[in-house]
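Note sheet for the following structure.
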Amino acid sequence: MDYKKLVTDALFKVLDGQITNEKIYQLLERPKSLDLGDYAFPAFPLAKILHKAPQIIATEIVAEIDQSHFQKIEAVGPYVNFFLDKSFFSADILRQVIEKEADFGNQNLGNGGNVPIDMSSPNIAKPISMGHLRSTVIGNSIAKMLQKVNYNPIKINHLGDWGTQFGKLIEAYKLWGSEEEVKADPINKLLEYYVRFHQEDIDHPELDEEARAWFKKLEDGDEEAIRLWQWFRAESLKSFMKIYDKLGIEFDSFNGEAFYNDKMDEVVEMLEKQHLLKESQGAQIVDLEEYNLNPALIKKTDGATLYITRDLAAAIYRKRTYDFVQSLYVVGNEQTNHFKQLKAVLKQMGKEWADDIHHIPFGLITQGGKKLSTRAGRVILLEEVLDDAVKLAEQQIAAKNPNLANKEEVANQVGVGAVIFHDLKNERMNNFDFDLEEVVRFEGETGPYVQYSHARATSILRKAGNPKFDITDTYQLSDNDSWEVVTKIASFPDVVKRAVQEYEPSVIAKYALHLAKAFNKYYAHTKILVEDEEILSRLALVKSVSIVLNESLRLLGVQAPKEM
RNA sequence: GCGUUUGUAGCUCAGCAGGAUAGAGCAACCGCCUCCUAAGCGGUAGGUCAUCGGUUCGAUUCCGAUCAAACGCACCA
């Protein structure tokens with residue numbers, strides 16, 4: 001039932017002729033405090049029309065309105081406050097959640113349309129850092145949210161497996177590396193070579209020449225170059241998979257940059273055919289002045305292709321392969337211009353679907369206020385952070401719940417959950433300075449807080465013998481603490497919708513915190529397992545909380561242990 | 001210099017499409033486990049919502065300017 005509509009209709013009967021039904025619906029708001037009711041109608045806009053003070057209008061509305069479906073309707077200053085029938089409303093919501101379970105909040109916004117999501121995209125031969133975590137977990141969460149509203153997300157890991165850095169890497173490996181070393185500790189060794197290259201080429205610029213030559217060989221299909229490249233790629237991927245497993249994230253495609261090597265000529269030809277390509281300072285560009293953008297560099301002076309050439313090929317490939325309704329790129333804020341250019345070039349080419357491409361930017365993670373940089377060796381390794389978090393979770397369990405059955409599994413869920421949740425709880429665009437203590441915190445507004453609340457709920461249900469609920473059950477709850485929980489639960493579908501529309505996992509994370517808080521308050525003040533006539537209602541509430549918290553965490557890509 | 005993003009309590013951040021006394025969490029101080037997990041609950045203290053203008057009955061929220069920070073500004077991705 002749409003309760004806002006109920007309120008609107010009641011008001012409309014009184015205000016017919018003064019204001020439209022739609023306008024009333026639009027004007028209705030949720031008061032900040034439940035003391036002020038569940039819906040409020042501000043009378044200000046009517047003051048002008050009726051030439052009366054809004055306070056008086058509010059009082060008059062209350063005098064005339066039909067109160068039959070409400071617990072109470074009262075005028076407070078210039079507002080008309082509506083209090084829903086708590087018992088009736090609670091029963092209605094709880095029945096819905098218990099019936100639909102994890103499907104509660106599902107809606108059809110997408111009609112099953114395909115949505116490729118470009119996400120994670122680490123560079124081969126470099127470790128996954130905290131910076132990649134953002135793209136990975138934001139993309140993953142958006143995929144789950146899209147699925148919930150009936151889109152078909154396709155998670156694409158656009159690996160950085162091509163480019164001049166491989167020339168540098170091969171050169172560095174030939175100079176200082178060995179097969180045994182790499183086999184023992186692939187990523188770290190490869191990174192070491194890479195960092196050393198950048199240190200030494202300051203004094204030995206001839207290294208750059210060599211590196212360029214190696215990359216040229218690679219492009220020309222030189223056997224040794226290809227062999228090394230494939231080896232580096234395979235080793236890197238292996239170690240990436242370890243981390244993705246820990247995070248519980250899977251991909252539908254690993255087509256990275258190299259995959260588009262043979263697909264760029266076609267793009268260049270298309271551009272030529274449409275006379276979009278111009279020469280400028282020896283390079284091939286597409287002029288984007290009419291979009292107020294810098295020209296897009298399609299080919300370098302030496303004829304080599306660039307980032308945007310590859311992304312054009314990828315965009316076109318994805319349209320052909322998936323016929324997407326939207327195409328998302330979860331890539332850092334600093335690349336905003338690149339995506340503006342990408343869309344502009346596609347538009348120039350007459351591809352109207354360029355409008356379906358959305359860059360989902362996010363803020364930077366810094367350390368000590370400085371940008372992380374692989375080259376400078378300033379990296380925070382994601383794997384280490386995850387390991388630290390899990391260790392800390394183990395300590396927590398040892399201290400708080402030493403008899404827990406599957407300690408190791410739970411420690412993983414909680415530790416990793418803390419890291420993921422920390423990354424998702426704030427608005428995407430916010431920058432944040434990395435602080436390990438902050439990331440692995442288990443108290444306050446954290447992932448473990450939500451997990452703990454969920455575990456409490458499931459523990460109660462377990463102690464109650466996991467009761468079965470029936471559609472014919474009637475629930476009666478009317479106290480304020482349970483009411484706060486119920487109203488939060490009821491808003492879940494809207495929360496999901498908003499999160500999807502804004503591509504913003506933090507909306508879900510914030511919601512989960514609020515619901516957990518409301519439940520913990522209820523839990524602290526109300527004894528649930530008491531044999532009286534309301535026990536089934538209380539258990540239904542607990543059950544609903546466990547369902548919605550579990551589902552919220554799932555949408556964030558965070559596990560919800562039943563006990564912790 | 002131009003563009004983008006950000007600026008709310010000591011710190012980290014909420015504040016949904018403008019509305020009723022600006023909210024959390026950390027940190028500080030004080031309470032609550034003979035009772036379903038204290039990873040919890042409650043209380044105290046802490047704010048010229050960067051600054052100045054504009055629109056509006058009403059602006060933390062919308063618009064403009066200024067200041068500050070981060071990022072970007074063709075042959076890296």
Side-chain angles (χ1 to χ4, degrees), chain A residues 26-27 29-33 36 40 42 44-45 47-48 53-54 76-79 81 121 123 158 160 162-165 257 280-285 288 292-302 304-308 310-311 331-338 340-341 361 363-364 366 369 371 375 393 396-397 399-401 404 414 418 422 425-427 429-433 435 437-438 441-446 448-453 455-457 459-464 491 494-495 498 502 506-507 510 513-514 516-517 520-530 542 563-564:
Chain A
Q26 193 192 334
L27 241 31
E29 51 188 81
R30 313 297 304 251
K32 288 195 176 121
S33 158
L36 297 167
F44 304 102
K48 257 189 187 167
V76 178
Y79 289 89
N81 292 337
S121 311
N123 293 317
H158 191 76
W162 202 254
T164 46
Q165 74 266 26
E257 294 174 5
S280 170
Q281 298 169 33
Q284 296 291 312
I285 63 154
L288 298 174
N292 217 353
L293 291 169
N294 283 324
L297 248 178
I298 303 296
K299 272 192 167 183
K300 299 203 277 190
T301 318
D302 64 5
T305 54
L306 283 126
Y307 182 34
I308 196 159
R310 207 172 297 276
D311 255 4
V331 179
N333 185 16
E334 66 273 15
Q335 292 195 38
T336 299
N337 272 324
H338 165 73
K340 282 186 183 164
Q341 289 182 322
L364 220 58
T366 55
K371 191 178 173 178
R375 289 189 187 187
Q396 288 284 314
I397 291 169
K400 313 220 178 212
N401 197 357
L404 189 64
V414 172
H422 174 267
K425 84 171 169 185
N426 290 327
E427 236 173 283
M429 284 303 288
N430 292 358
N431 293 346
F432 73 82
D433 202 64
D435 177 351
E437 277 183 43
E438 189 75 30
R441 175 163 272 144
F442 296 155
E443 289 164 14
E445 297 177 324
T446 65
Y449 174 85
V450 179
Q451 291 174 316
Y452 179 69
S453 312
R456 277 181 147 180
S459 294
I460 288 181
L461 294 168
R462 190 174 52 250
K463 292 208 164 133
S491 66
D494 285 340
V495 168
R498 210 182 108 217
E502 296 175 17
S506 70
V507 169
K510 291 263 165 47
L513 286 169
H514 292 146
K517 191 171 168 56
N520 279 324
K521 188 176 170 188
Y522 175 73
Y523 180 97
H525 299 318
T526 310
K527 179 89 178 150
I528 294 153
L529 296 176
V530 182
V542 174
E563 233 182 311
M564 64 187 269

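Throughout, a chain's letter reflects where its sequence line sits, starting with A, and its residues are numbered from 1.
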Look at the side-chain N and O atoms of Lys517(A) and state whether any lies under 4.0 Å from the OP1 or OP2 oxygen of G25(B). yes
Considering every strand and a 4.0 Å limit on heavy-atom distances, what is the contact class for Gln451(A): base, sugar-phosphate, or nothing? nothing
For Lys32(A) and for Phe442(A), locate the closest nucleotide of RNA chain B by heavy-atom distance; then report the residue assigned to the nucleotide nearer the 5' terminus. Lys32(A)
Have a look at Ser506(A) and say if it touches a base, only the backbone sugar-phosphate, or nothing, with a 4.0 Å heavy-atom cut-off. nothing
Which glycosidic conformation, syn or anti, is assigned to C62(B) if syn requires a torsion within 90° of zero? anti
Is the shortest side-chain heavy-atom distance between Val450(A) and Leu513(A) below 4.5 Å? yes
Would you say the side chain of Thr164(A) and the base of C76(B) hold a donor-acceptor pair, judged only by whether the two atoms sit under 3.5 Å apart? no
Closest nucleotide of RNA chain B for Tyr522(A) versus for Pro45(A): which of these residues is on the 5' side? Pro45(A)
Heavy atoms only, 4.0 Å cut-off, all strands: where does Thr336(A) land among base, sugar-phosphate and nothing? nothing
Find the partner of U21(B): check Watson-Crick (N1-N3 plus N6-O4 or O6-N4) and G-U wobble (N1-O2, O6-N3) distances, both under 3.5 Å, and reply none if neither fits. none
Going by modelled atom types, is there a donor-acceptor pair between the base of A70(B) and the side chain of Asn430(A) at under 3.5 Å? no
Give Thr526(A) one of three labels, base, sugar-phosphate or nothing, depending on what nucleic acid heavy atoms sit under 4.0 Å from its own. base
Sugar-phosphate only, base, or nothing, as touched by Asn426(A) at under 4.0 Å among non-hydrogen atoms: sugar-phosphate
My understanding is that a pair needs two contacts under 3.5 Å, Watson-Crick or G-U wobble. By that rule, which nucleotide pairs with G7(B)? C67(B)
Mind checking Val414(A) for me? I need base, sugar-phosphate or nothing, with any heavy atom below 4.0 Å counting as a touch. base
Under a 3.5 Å cut-off for both contacts, is A27(B) paired Watson-Crick or G-U wobble with anything, and if yes, with which nucleotide? none
Closest to the side chain of Lys340(A), out of U4(B), U37(B), C41(B), is U4(B)
Could you tell me whether the phosphate oxygens of G72(B), OP1 or OP2, come under 4.0 Å of any side-chain nitrogen or oxygen in Asn294(A)? no
Using purine N1 to pyrimidine N3 plus N6-O4 or O6-N4 for Watson-Crick, or N1-O2 and O6-N3 for G-U wobble, both under 3.5 Å, which nucleotide pairs with G58(B)? none
Give Ala296(A) one of three labels, base, sugar-phosphate or nothing, depending on what nucleic acid heavy atoms sit under 4.0 Å from its own. nothing
Please determine whether a side-chain nitrogen or oxygen atom of Lys400(A) lies at a distance below 4.0 Å from atom OP1 or OP2 of A39(B). yes
So what does Ile285(A) hit on the nucleic acid, given a heavy-atom distance under 4.0 Å: a base, only sugar-phosphate, or nothing? base
Do Tyr452(A) and Asn520(A) get their side chains close enough for a donor-acceptor pair, meaning under 3.5 Å? no
Find the partner of G1(B): check Watson-Crick (N1-N3 plus N6-O4 or O6-N4) and G-U wobble (N1-O2, O6-N3) distances, both under 3.5 Å, and reply none if neither fits. C73(B)
Answer with base, sugar-phosphate or nothing: what part of the nucleic acid does Arg441(A) contact at a heavy-atom distance below 4.0 Å? sugar-phosphate
Assign Pro31(A) to base, sugar-phosphate, or nothing according to its heavy-atom contacts below 4.0 angstrom with the strands shown. base
With a 3.5 angstrom cut-off on both distances, give the Watson-Crick or G-U wobble partner of G47(B), or none if there isn't one. none
OP1 or OP2 of A38(B) less than 4.0 angstrom from a side-chain nitrogen or oxygen of Arg456(A), does that happen here? yes
For C32(B), which nucleotide in any strand shown is its Watson-Crick or wobble partner with both distances under 3.5 Å? G40(B)
Quick one: label Ile397(A) by what it contacts on the DNA or RNA (base, sugar-phosphate, nothing), any heavy atom closer than 4.0 Å. base
Please report the distance, rounded to the nearest Å, between CD in Glu427(A) and P in U60(B). 19 Å
Check: Ser459(A)/Arg456(A) side-chain N/O donor and acceptor closer than 3.5 Å: no
When you compare the side chains of Thr366(A) and Asp433(A), does any donor N or O come within less than 3.5 Å of an acceptor on the partner? yes
Phosphate contact (G40(B) OP1 or OP2) by Lys521(A) side-chain N/O below 4.0 Å: no
Could you label the plane-to-plane angle of the His338(A) and Tyr307(A) rings as parallel, tilted or perpendicular, counting under 30° as parallel and over 60° as perpendicular? parallel
Starting at CD of Glu563(A) and ending at C1' of A39(B), how long is that distance when rounded to a whole Å? 14 Å
Verify the contact: side-chain N or O of Tyr449(A) to OP1 or OP2 of C41(B), cut-off strictly under 4.0 Å; return yes or no. yes
Can you see if the side chain of Tyr452(A) gets near the phosphate of A39(B) - specifically, an N or O under 4.0 Å from OP1 or OP2? yes
Taking NZ in Lys299(A) as the centre, count heavy atoms belonging to other residues, nucleotides or ligands within less than 6.0 Å. Is the count above 12? no
